[in-house]
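Take a look at the following structure, please.
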Amino acid sequence: MTNNKPEKASITLKEPTAEDGASVFDLISACPPLDTNSMYCNLLQSSHFSQTSVAAEMDGTLVGFISGYVLPKQPDTLFIWQVAVGEKARGQGLASRMLRHILERDICKPVKYIETTITPDNRASWALFESLANKLNTQLNHSVMFDRQQHFAGQHETEMLVKVGPFEL
């Protein structure tokens, strides 16, 4: 039986640049149920937040992207805004590799926690962050951050605040 999935080694992880912004927009658009942002937002993520974001390329094509930033009032906390893995790169542990790649950067040395938001029905994201907590030998806690009715006027699912940590790398 032939395996048509590419090898992990063929995917390169890097700090994104502004030139990646349009590709990030296209990737996220191709990854429902992810919320799309404006292309301008993706340009800012790829430039202003490049040190805490990661782009994954395979044969010159963007196949994965994580946007994140260190919380201004909590320098020990990395907030992961969005995780996108294109169809060609799924099933290889790429999201986990990208998270670790960000955490291993010098800018993340003070980081002891990761926060993100996940809708209750997003099984893939729950599995990713539960796996990360296990690999970091720490706990995962969650609570409501943005309520469907109170914050989204009934137009979006509730977003749960997920907190992984504390941990040391």
Check your understanding: Does one hydrophobic cluster hold both M160 and F129, with members joined at side-chain heavy-atom distances below 4.5 Å?
Key ->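 Same cluster.
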Exercise for review: Please check if the side chain of S131 supplies one atom and the backbone of A127 the other of a donor-acceptor pair under 3.5 Å.
Suggested key: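 Absent.
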**Study point:** Same cluster (ILVMFWY, side-chain, under 4.5 Å), I80 and Y113
**Key:**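 No, because I80 and Y113 fall into different hydrophobic clusters, even though each may have its own neighbours under 4.5 Å.
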Practice item. Kindly state each residue pair satisfying salt bridge (charged side-chain N to carboxylate O under 4.0 Å, His left out) with at least one member in residues 147-161, sequence neighbours excluded. Key: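 For residues 147-161: R148-E157.
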Review point. Does the side chain of L169 come within less than 4.5 Å of L136's, by heavy atoms?
Key: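 Counting from C-beta outward, L136 and L169 do come under 4.5 Å.
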Review point. Which residues pass the salt bridge (Lys or Arg N to Asp or Glu O under 4.0 Å) test with K14, sequence neighbours left out?
Key: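 With neighbours one apart ignored, the set is D20, E57.
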Practice item. Give the cluster check for F167 versus L140: same hydrophobic cluster or not, with ILVMFWY residues linked at side-chain heavy-atom distances below 4.5 Å. Key: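 Linked within one cluster.
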Review point. Quick one: do V111 and V162 end up in the same hydrophobic cluster if we chain Ile, Leu, Val, Met, Phe, Trp and Tyr together by side-chain heavy atoms under 4.5 Å apart?
Key: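 Yes, it is one cluster - the side chains of V111 and V162 are joined through contacts under 4.5 Å.
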Check your understanding: Could you give the distance from NE2 (H151) to CE (M145), rounded to the nearest 0.5 Å?
Key ->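 The distance works out to 8.5 Å.
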**Study point:** Minimum side-chain heavy-atom gap L103-I114 below 4.5 Å
**Key:**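 Answer yes - side chains close enough.
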Exercise for review: Give a yes-or-no answer on whether the side chains of T61 and D59 include a donor-acceptor pair shorter than 3.5 Å.
Suggested key: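 No, because no side-chain N or O of T61 sits under 3.5 Å from a partner of the opposite role on D59.
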Exercise for review: Please tell me if the side chains of L94 and L13 come closer than 4.5 Å, counting only heavy atoms from C-beta onward.
Suggested key: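 The answer is yes, as the side chains (C-beta and beyond) meet within the 4.5 Å cut-off.
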Review point. Is the shortest heavy-atom distance from the side chain of Q45 to the side chain of F65 under 4.5 Å?
Key: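 They are in side-chain contact.
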**Study point:** From M39 atom CE to S46 atom OG, the distance as rounded to the nearest 0.5 Å
**Key:**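 If I round to the nearest 0.5 Å, the distance is 11.0 Å.
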**Study point:** I102/C108 under side chain to side chain contact (heavy atoms under 4.5 Å, CB included): CA gap, chis, key distance, verdict
**Key:** CA-CA 7 Å; I102 294 169; C108 289; 4.0 Å; yes
Practice item. Kindly say whether G68 contributes a backbone atom to a donor-acceptor pair with the side chain of T52 at under 3.5 angstrom? Key: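 Side chain of T52 to backbone of G68, a donor-acceptor pair under 3.5 Å: yes, one is there.
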Exercise for review: Could you tell me the separation between the CD atom of Q82 and the CG atom of N37, rounded to the nearest 0.5 Å?
Suggested key: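 CG of N37 is found 5.5 Å from CD of Q82.
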Review point. Does the side chain of T158 come within less than 4.5 Å of F152's, by heavy atoms?
Key: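 F152 vs T158: side chains apart.
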Check your understanding: Can you find a heavy atom in the side chain of Q51 that is under 4.5 Å from one in the side chain of V70?
Key ->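 Result no, sub-4.5 Å side-chain heavy-atom pair not found.
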Review point. Looking at residues at least two apart in the chain, or sitting in another chain, which of them share a salt bridge (Lys or Arg N to Asp or Glu O under 4.0 Å) with K163?
Key: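 K163: salt bridge (Lys or Arg N to Asp or Glu O under 4.0 Å) contacts with E115.
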Exercise for review: For W126 and T119, indicate whether the former's side chain and the latter's backbone hold a donor-acceptor pair under 3.5 Å.
Suggested key: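 It does hold such a pair.
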**Study point:** Side chain proximity check, Q150 to V144, heavy atoms < 4.5 angstrom
**Key:**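 They are not in side-chain contact.
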Review point. Does one hydrophobic cluster hold both V24 and Y40, with members joined at side-chain heavy-atom distances below 4.5 Å?
Key: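 They do not share one cluster, since no chain of ILVMFWY contacts under 4.5 Å joins V24 to Y40.
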Review point. Counting distance only, does the side-chain N/O of S53 pair as donor-acceptor with the main-chain N or O of S50 below 3.5 Å?
Key: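 No; judged by distance alone, with no hydrogens or angles, the pair does not exist.
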Check your understanding: Relative to each other, are the rings of Y69 and F49 parallel, tilted or perpendicular (30° and 60° limits)?
Key ->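 Judged by the thresholds at 30° and 60°, the geometry between Y69 and F49 is tilted.
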Review point. Would you say L128 and L99 make side-chain contact, with heavy atoms under 4.5 Å?
Key: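 In contact.
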**Study point:** CA sep, side-chain torsions, deciding dist, call: V85, M98, side chain to side chain contact (heavy atoms under 4.5 Å, CB included)
**Key:** CA-CA 10 Å; V85 176; M98 290 190 298; 3.9 Å; yes
